[in-house]
Amino acid sequence: MANETNNFAELIAHCKEYGYIFQSSEIYDGLAAVYDYGQNGAQLKKNIRDYWWKSMTQLHDNIVGIDAAIFMHPTTWKASGHVDNFSDPMIDNKDSNKRYRVDHLIEAYAEALALEGKKEEEFALLKNMDALLAVSDYAGLKQLIIDNNIKCAISKTCNWTDVREFNLMFSTQIGSVAEESNTIYLRPETAQGIFVNFLNVQKTGRMKIPFGIAQTGKAFRNEIVARQFIFRMREFEQMEMQFFIRPGSQMEWYNFWKEERKRWHESLGVPAEKLRFHDHIKLAHYADAALDIEFEFPFGWKELEGIHSRTDFDLTQHQTYSKKKIQYFDNDIDPQTGKAYGNYVPYVLETSVGLDRLFLTIMSLAYAEEKWTKEDGTEDSRVILRIPAKIAPTKLAILPLLKKDGLPEIAKELMNDCKGSFMCFYEEKDAIGKRYRRMDAIGTPFCVTIDHQTKEDNTVTIRYRDDMRQERIALSDVKNLVLQLIS
RNA sequence: GCGGAAGUAGCUCAUUUGGUAGAGCGCGACCUUGCCAAGGUCGAGGUGGCCGGUUCGAGCCCGGUCUUCCGCUCCA
């Protein structure tokens, strides 16, 4: 199949046209950075999620899955650091368009005052700022900046916007009365639902370290700008696993999961040369090592999955804030001391994939436009989604060659036999070639055609999406062959 | 958030300077056909993204707004 093209804009259009992804609330002009999955997209997404869930829980005897609520006690986000790190007053310079954190801007100016020996002015300024920050007086903060004639380092002007708070967490009220104390957040990450359930799972599941807790679910971030289709959305789905380990063993497990997760992506047909590791130089407040598994998207190398060594930060924080002891008693013998390891707060190794990003990865690899010259010299083409058979939304199309002569009856019987085992699609409209092309466009890997010969010898034609090859097989073998090909 | 470009039928696009909106493909029904996008007949589908202004009259001119794409910015 020569002459393939792969264009991101065409992929986005294809996703809409064939029921994979629609813009949210499109009839009302849409909602920025929010998307809906259509009939085919929802099934593909579910298949990817199921494949991940199975590989984590069913195939690892020391990993179990949970499903925590999106709403969590507000103190969760104080403990995790999200309240402090996710919400800062910001101000923009209108001339340079440069955005500053207000406290950083004022502190930098105070430092300059100190260098000039104006210690008293520096002290007064910082005291003023702290007082205003404490009561979230944004107008006062702006006035403070203007009164001190604090300038933008780039434009050298004092032309500022109003001070605004950019909180990346969405908030809402729980209960019917909107009071300050009732404010809760939509979780900005799923991880905390695992950490707060550490003791529940460890005790009720009698889990022994090392063990993991897996979870898939929605998370929400009020991104300042969100772009690149479903790559960065306000509402997105994570698939993550927190692996609880002995302190000191984190680098061993970091390296283990790093390789394990890359191999997993390759098992979904992602070519090794399209994946790479990107080590974090600047680490987040909770991590002692972190890397991204990046994929070469149509718009460049971007994060697909994060591997983070989170140390005992999260469990220790929850222990402090909840005043509940979150520890593990390890009976195994430490070869160094000859005694049991004893009580400790476990370390955590996190693997976290963006399900929507993985969906986009699969789609960008699958989408292709093929052109070729037929035997009679004319040009032919097709649009195809080469989605791996094991995650394709529809596995098998069952097509009677004619909608008469008893062929639909045989086809429907096969449909009834197969539909309990995998997703099937039945179609008797239009010429057979046209029906094949429609299946190519939504990524159905196999088509079976029932014709007059079927009535004579109980054989059918199976047609393969990827190479358009056809072969004759027994009608009774169809289900088992497809089951074998999608496993 | 800033700058640039765009928005007409499900899709791709026409509608030359303002004068009551069209095609191809696709979609539905019927007829004909039957192994890789066949043919015929009929049909459904648009208050031109939305709101406002100028004008006798706006898809076209002006303002605002929403959304998308590209470049910055942001992304604990």
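So that the names make sense, note that chain A is the first sequence line, chain B the second, and so on, each numbered from 1. Please read these numbers as outputs of a predicted model, since none were measured by experiment.
Distance check on atom C1': rU73(B) versus rC36(B) gives 50 Å, rounded to whole Å. Separating the C1' atom of rC56(B) from that of rC50(B) is a span of 26 Å, rounded to the nearest Å. Look at the C1' atom in both rG49(B) and rU67(B): the space between them is 8 Å, to the nearest Å. Taking atom C1' in both rA21(B) and rC13(B), one finds a spacing of 14 Å when rounded to whole Å. Going from the P atom of rA9(B) to that of rG59(B) covers 14 Å, rounded to whole Å.
In this structure, NZ of Lys429(A) is placed 7 Å from C1' of rG28(B), rounded to the nearest angstrom. One interatomic measurement links the two molecules: CG of Asp430(A) to C1' of rA29(B), which rounds to 12 Å at whole-angstrom precision. Straight-line distance from the OH atom of Tyr18(A) to the C1' atom of rC27(B): 12 Å, rounded to whole Å. Ile230(A) has its CD1 atom 16 Å from the C1' atom of rC69(B), to the nearest Å. Distance, Arg232(A) CZ to rU68(B) C1': 17 Å, rounded to whole Å. Atom CZ of Arg357(A) and atom P of rC75(B) are 14 Å apart (whole Å). Rounding to whole angstrom units, CD of residue Glu10(A) and P of rU12(B) are separated by 10 Å. The interatomic distance linking Leu401(A) (CG) with rC36(B) (C1') rounds to 12 Å, in whole Å.
Ranked by how close their nearest RNA chain B nucleotide is to the 5' end, Glu428(A) and Ser381(A) are led by Glu428(A). Across the interface with RNA chain B, nearest-nucleotide mapping of Pro400(A) and Ala13(A) shows Ala13(A) to be the residue nearer the 5′ end.
Side-chain N/O atoms of Gln238(A) and Thr190(A) include a donor and acceptor closer than 3.5 Å.
To the nearest 0.5 Å, atoms CD1 (Ile391(A)) and CG (Leu44(A)) are separated by 5.5 Å.
Listed pair Lys16(A) / rG10(B) fails the phosphate criterion, with no side-chain N or O lying under 4.0 Å from OP1 or OP2. Residue Arg438(A) places at least one side-chain N or O closer than 4.0 Å to OP1 or OP2 of rC27(B). Taking only side-chain nitrogens and oxygens, Lys404(A) never comes nearer than 4.0 Å to OP1 or OP2 of rG34(B). For the OP1/OP2 pair of rU67(B) and a distance below 4.0 Å, the side-chain nitrogens and oxygens of Gln23(A) include no atom meeting the criterion.
Under the 30°/60° scheme for interplanar angles, the aromatic rings of Phe297(A) and Phe299(A) are found to lie parallel.
When heavy atoms are screened at a 4.0 angstrom cut-off, Asp440(A) is found touching no nucleic acid atom at all.
For the pair Arg234(A) and Phe220(A), the cation-pi criterion (under 6.0 Å, within 45° of the ring axis) is not fulfilled. Under a cutoff of 6.0 Å and an axis angle of 45°, Lys258(A) and Phe277(A) form a cation-pi pair.
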